[in-house]
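Since the structure comes first, as structure tokens, the remarks are kept for the end.
Computed over heavy atoms, backbone and side chain alike; hydrogens, waters and symmetry mates excluded. This structure is a prediction, so every number in the text was calculated from the model and none was measured.
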Amino acid sequence: MARVLSRGDFAGILVALLSVFVAVSVGQELVPPPFLDTDQSELTVSPNDSLVVTCKGRAPLSWSYPRNFGADTANRVSIKVPGNRSMAGEYASVLTIQNMTSSDTGRFRCFYSNTLPADVEDSYNAASVYVFVKDPNELFV
């Protein structure tokens, strides 16, 4: 039995086809989305734990943080770019956050650096993980 496409299905197919057409028409290689070293969509950590997440992809990478990301993060966050381009077309970025707090709870995204801000939340353009800092002293995060 044939399946009837919804308006959303049709729009998704149209966007994918247009992306392929534009990439081919200007001679660009289609680049698969970046990926994380975890296959879990959510991670739970305890207060004061460190979070280490590695992202890999085929172009330079950047990170975005949750809106409520702690104000005191400058001295707790590091992003390392280990030996990029060691293999043709492979890039990596390692996000480390020390001394996690409940205000660090939220979605962390890795995306290609040339991605438009409006496209960062798109699952094709970014890899993400939701991190929950389980603090018994902070019941409402």
Review point. Does Val131 reach the side chain of Val45, with side-chain heavy atoms less than 4.5 Å apart?
Key: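 The answer is yes, as the side chains (C-beta and beyond) meet within the 4.5 Å cut-off.
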**Study point:** By side-chain contact (heavy atoms from CB on, under 4.5 Å) - contacts of Pro66 (at least two apart)
**Key:**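 Asn68, Phe69, Phe108.
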Practice item. Please list, chain by chain and in numerical order, all residues satisfying side-chain contact (heavy atoms from CB on, under 4.5 Å) with Thr115, sequence neighbours excluded. Key: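 Checked Thr115 against side-chain contact (heavy atoms from CB on, under 4.5 Å); matches are Phe111, Tyr112, Asp119, Val120, Asn125.
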Exercise for review: Please assess Leu95 against Val77 for the test side-chain contact (heavy atoms from CB on, under 4.5 Å), listing each intermediate value before the final yes or no.
Suggested key: CA-CA 7 Å; Leu95 171 67; Val77 176; 3.9 Å; yes
Practice item. Could you work out the complete set of other residues in the hydrophobic cluster of Leu116, with links drawn between I, L, V, M, F, W and Y side chains under 4.5 Å apart? Key: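 Direct or chained contacts put Leu116 with none.
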Under 3.5 Å donor-acceptor pairs involving side-chain atoms of residues 47-57, not counting sequence neighbours:
unit_1 : atom_1 : unit_2 : atom_2 : d
Asp49  : OD2    : Ser46  : N      : 3.2

Check your understanding: How many angstroms lie between OG1 in Thr73 and CE in Met100, if you round to the nearest 0.5 Å?
Key ->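 Taking OG1 in Thr73 and CE in Met100, the distance rounds to 10.5 Å.
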Review point. Rounded to the nearest 0.5 Å, what separation is found between the CZ atom of Phe132 and the CG atom of Asp104?
Key: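 Taking CZ in Phe132 and CG in Asp104, the distance rounds to 12.5 Å.
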Review point. For Ser62, which residues count as a side chain to side chain donor-acceptor pair (under 3.5 Å) partner, sequence neighbours excluded?
Key: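 Here the qualifying residues are Ser113.
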Practice item. Please identify each residue that fulfils side chain to side chain donor-acceptor pair (under 3.5 Å) with Ser128, with sequence neighbours left out. Key: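 By the side chain to side chain donor-acceptor pair (under 3.5 Å) rule, Ser128 matches Arg107.
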Practice item. Write down the atom of Trp63, the atom of Ser93, and the distance for their closest heavy-atom approach. Key: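 Of all heavy-atom pairs spanning Trp63 and Ser93, the closest is NE1-OG, 2.8 Å.
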Point to revise | Which atom of Ser102 lies closest to which atom of Asp135, heavy atoms considered | key: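 Nearest heavy atoms, Ser102 then Asp135: CB-CB, 4.2 Å.
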**Study point:** ILVMFWY cluster, Val94 and Tyr65 together (side-chain gap under 4.5 Å)
**Key:**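 Different hydrophobic clusters.
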**Study point:** Donor-acceptor contact below 3.5 Å, side chain Arg76 vs main chain Ile97
**Key:**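 Side chain of Arg76 to backbone of Ile97, a donor-acceptor pair under 3.5 Å: no, none is there.
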